[in-house]
There are 2 protein chains.
Amino acid sequence: MRDLDDTDRQILRLLVADARRPYSDIAEHVDLSAPAVSDRIDRLRELGVVRGFTVDVDQSLLTSGVPVLVELGVPVTRTSEVAAALRDLEAVEHTFETADGAVVVQATVRDGDVTGLLDEAVDLERLRDVEVRLLRKAEWTPSLGEATLSLTCAECSNTVTSEGESTRLEGELYHFCCGSCLTNFEERFERLQSGA
Amino acid sequence: MRDLDDTDRQILRLLVADARRPYSDIAEHVDLSAPAVSDRIDRLRELGVVRGFTVDVDQSLLTSGVPVLVELGVPVTRTSEVAAALRDLEAVEHTFETADGAVVVQATVRDGDVTGLLDEAVDLERLRDVEVRLLRKAEWTPSLGEATLSLTCAECSNTVTSEGESTRLEGELYHFCCGSCLTNFEERFERLQSGA
DNA sequence: ATTGAAATCGGCCTAGC
DNA sequence: GCTAGGCCGATTTCAAT
């Protein structure tokens with residue numbers, strides 16, 4: 001498994017700026033042929049670096065309500081659970097889970113009833129505190145920097161290096177630091193499958 | 001200018017989920033022809049609702065450093081300025097500007113030197129306070145809800161209704177509540193142009 | 001219906017064993 | 001020398017207008 005090189009990053013940058021740019025166009029920029037670009041993009045998808053293709057919608061033109069930033073103090077053991085519940089709310093756009101047990105979400109509430117919104121997903125009684133702030137503006141500026149691949153082995157949690165391998169099981173993508181971790185994982189996976 | 005209807009919203013939702021879905025496919029879902037879908041998407045771009053097409057990159061697979069959530073207390077008169085400066089930093093992904101004069105940014109810092117990062121963009125001495133928190137997870141779940149168009153007249157700041165009109169000047173898109181606001185604006189614009 | 005882009009295929013070249 | 005992986009050019013298929 002190769003790491004990302006400058007060409008990959010350049011392709012990513014071009015795609016982030018405009019995912020409809022023809023491959024031939026990208027190819028010129030990175031000095032490759034169109035099929036080569038196609039191959040690399042496929043690979044980026046396979047790796048899970050590119051999750052998919054979307055449209056950038058200007059939320060500020062769509063009145064769905066009032067944009068707010070909500071911070072919830074959550075017992076550290078339950079942050080993931082609370083964050084997941086909030087994430088699935090229609091009104092919630094961004095979910096941040098901090099290491100110190102806070103969950104910060106950016107949402108758009110229709111009638112200003114924030115607690116009503118939160119109440120659908122979490123038990124407010126069990127939170128340490130809730131802070132709601134009105135948003136004046138929210139912006140998203142995707143960046144890449146000098147990004148390199150940083151994968152964790154699904155079997156042993158080590159860092160995956162160039163020797164690593166990947167596989168897709170049941171639509172989910174898994175990365176491994178070596179072939180034996182992969183086979184171990186696959187065997188365990190199959191045992192669980194047949195057991196269920 | 002027509003408001004968004006259910007078909008537009010449905011198309012948007014389908015595009016958000018997968019912008020590479022063929023128009024014929026979308027057409028089936030919304031019970032239209034492919035060219036009709038094409039027309040609507042063009043219109044959504046013209047309106048500025050669709051800002052563009054991008055790729056969804058899984059930042060968690062790209063190690064550019066440590067993800068943090070930073071909150072800056074800023075004098076209310078300077079929040080926009082500070083937010084804008086931070087937004088343009090390569091490491092900054094999300095910028096939130098709250099109504100009560102705080103700026104919250106989500107960034108990825110390479111060597112853990114957050115203050116060094118901030119120092120590039122803002123005068124730390126002039127801030128009320130800075131709070132930095134390590135992020136465990138950040139997620140983005142785009143939603144649309146029952147969104148309707150909510151445009152503000154560039155001339156008189158009134159809400160733009162179905163009678164409104166739009167125009168593009170120097171690549172920037174402007175919306176107006178009525179024809180006279182549009183002409184007024186255009187005249188003023190031209191005067192400024194020739195003056196400069 | 002026309003235009004043009006993207007996926008595919010076979011062959012070539014290079015690096016690593 | 002052999003293998004694997006990456007790239008290219010031509011072709012075919014399919015989407016956009």
Side-chain angles (χ1 to χ4, degrees), chain A residues 1-57 144 147-149 151 160-168 171 173-183 186, chain B residues 2 7-57 61-62 166 168:
Chain A
M1 183 161 52
R2 223 195 48 228
D3 201 346
L4 298 191
D5 60 15
D6 281 340
T7 305
D8 291 313
R9 281 188 285 273
Q10 183 69 3
I11 291 173
L12 277 176
R13 243 173 256 124
L14 290 166
L15 284 179
V16 166
D18 177 11
R20 288 213 154 174
R21 197 189 296 264
Y23 286 5
S24 54
D25 199 293
I26 299 175
E28 259 186 53
H29 274 83
V30 301
D31 213 30
L32 282 177
S33 72
V37 171
S38 172
D39 285 351
R40 281 187 182 243
I41 295 177
D42 284 351
R43 188 170 151 273
L44 289 170
R45 297 197 75 162
E46 269 310 300
L47 280 171
V49 173
V50 167
R51 269 193 290 236
F53 293 78
T54 25
V55 285
D56 178 9
V57 173
L144 284 174
T148 57
L149 222 40
L151 307 172
V160 176
T161 68
S162 348
E163 277 81 47
E165 301 181 24
S166 304
T167 191
R168 196 178 283 275
L173 191 65
Y174 301 93
H175 303 281
F176 304 92
C177 63
C178 59
S180 55
C181 269
L182 191 155
T183 41
E186 278 182 330
Chain B
R2 224 194 47 232
T7 305
D8 291 313
R9 281 189 285 274
Q10 183 68 5
I11 291 174
L12 276 176
R13 241 173 255 123
L14 290 166
L15 284 179
V16 166
D18 177 11
R20 289 213 152 176
R21 195 189 300 265
Y23 287 7
S24 55
D25 198 294
I26 299 175
E28 259 185 53
H29 274 84
V30 300
D31 215 28
L32 283 177
S33 71
V37 171
S38 172
D39 288 348
R40 287 200 179 228
I41 294 177
D42 284 351
R43 188 170 151 272
L44 290 169
R45 297 197 76 162
E46 269 310 300
L47 281 172
V49 173
V50 167
R51 267 193 291 238
F53 293 77
T54 25
V55 285
D56 178 10
V57 173
L61 294 185
L62 301 177
S166 303
R168 194 179 285 273

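Reminder, nothing fancy here: chain letters follow the sequence lines and each chain counts from 1. Because only heavy atoms are used, hydrogens play no part in the values below, and waters and symmetry mates are left out as well, while side chains stay in.
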Exercise. With sequence neighbours left out, write down each residue that passes side-chain hydrogen bond (donor to acceptor under 3.5 Å, both in side chains) with Ser180(A), or none if nothing qualifies.
Key: none
Quiz item: Is the shortest heavy-atom distance from the side chain of Arg43(B) to the side chain of Asp39(B) under 4.5 Å?
Solution: no
Exercise. Check each residue of residues 17-31 of chain A for a non-hydrogen atom within less than 4.0 Å of any atom in DNA chain C, then write out the ones that pass by number, or none.
Key: Pro22(A), Tyr23(A)
Exercise. Applying ring pair (Phe, Tyr, Trp, His ring centres under 6.0 Å), name anything that partners Tyr174(A), two or more places apart in sequence or on another chain.
Key: Phe185(A)
Quiz prompt | With Asp42(A) via salt bridge (charged side-chain N to carboxylate O under 4.0 Å, His left out) - residues at least two apart | solution = none
Quiz item: Is the distance from OP1 or OP2 of dA6(C) to the nearest side-chain N or O of Ser38(A) less than 4.0 Å?
Solution: no
Quiz prompt | Contacts of type salt bridge (charged side-chain N to carboxylate O under 4.0 Å, His left out), residue Arg13(A), not counting sequence neighbours | solution = none
Quiz item: What is the distance from CG of Asp42(A) to C1' of dA6(C), rounded to the nearest Å?
Solution: 10 Å
Practice problem: State which residues pass side-chain hydrogen bond (donor to acceptor under 3.5 Å, both in side chains) with Asp8(B); sequence neighbours excluded, sorted by chain then number. | Solution: Arg2(B), Arg40(B)
Quiz prompt | Leu32(B) CG - dA16(D) C1' separation (whole Å) | solution = 16 Å
Practice problem: Quick one: list whatever passes side-chain hydrogen bond (donor to acceptor under 3.5 Å, both in side chains) with Arg20(B), sequence neighbours left out. | Solution: Tyr23(A)
Quiz prompt | Arg45(B): partners by salt bridge (charged side-chain N to carboxylate O under 4.0 Å, His left out), with sequence neighbours left out | solution = none
Exercise. Give the B/S/- string for nucleotides 12-17 of chain C, one per nucleotide from 5' to 3', where a protein heavy atom under 4.0 Å of the base yields B, of only the sugar-phosphate yields S, and otherwise -.
Key: ------
Quiz item: Separation of Phe53(A) atom CZ from dA5(C) atom C1', in whole Å?
Solution: 14 Å
Self-check item: Partners passing side-chain contact (heavy atoms from CB on, under 4.5 Å) against Pro22(B) (at least two apart in sequence or in another chain)
Solution: Ser24(B), Asp25(B)
Practice problem: Under the side-chain hydrogen bond (donor to acceptor under 3.5 Å, both in side chains) rule, collect the residues that match up with Asp31(A), sequence neighbours excluded. | Solution: none
Just the atom pairs and distances: protein N or O near nucleotides 4-6 of chain D's N or O, under 3.5 Å.
unit_1 : atom_1 : unit_2  : atom_2 : d
dG6(D) : OP1    : Arg2(A) : NH1    : 3.1

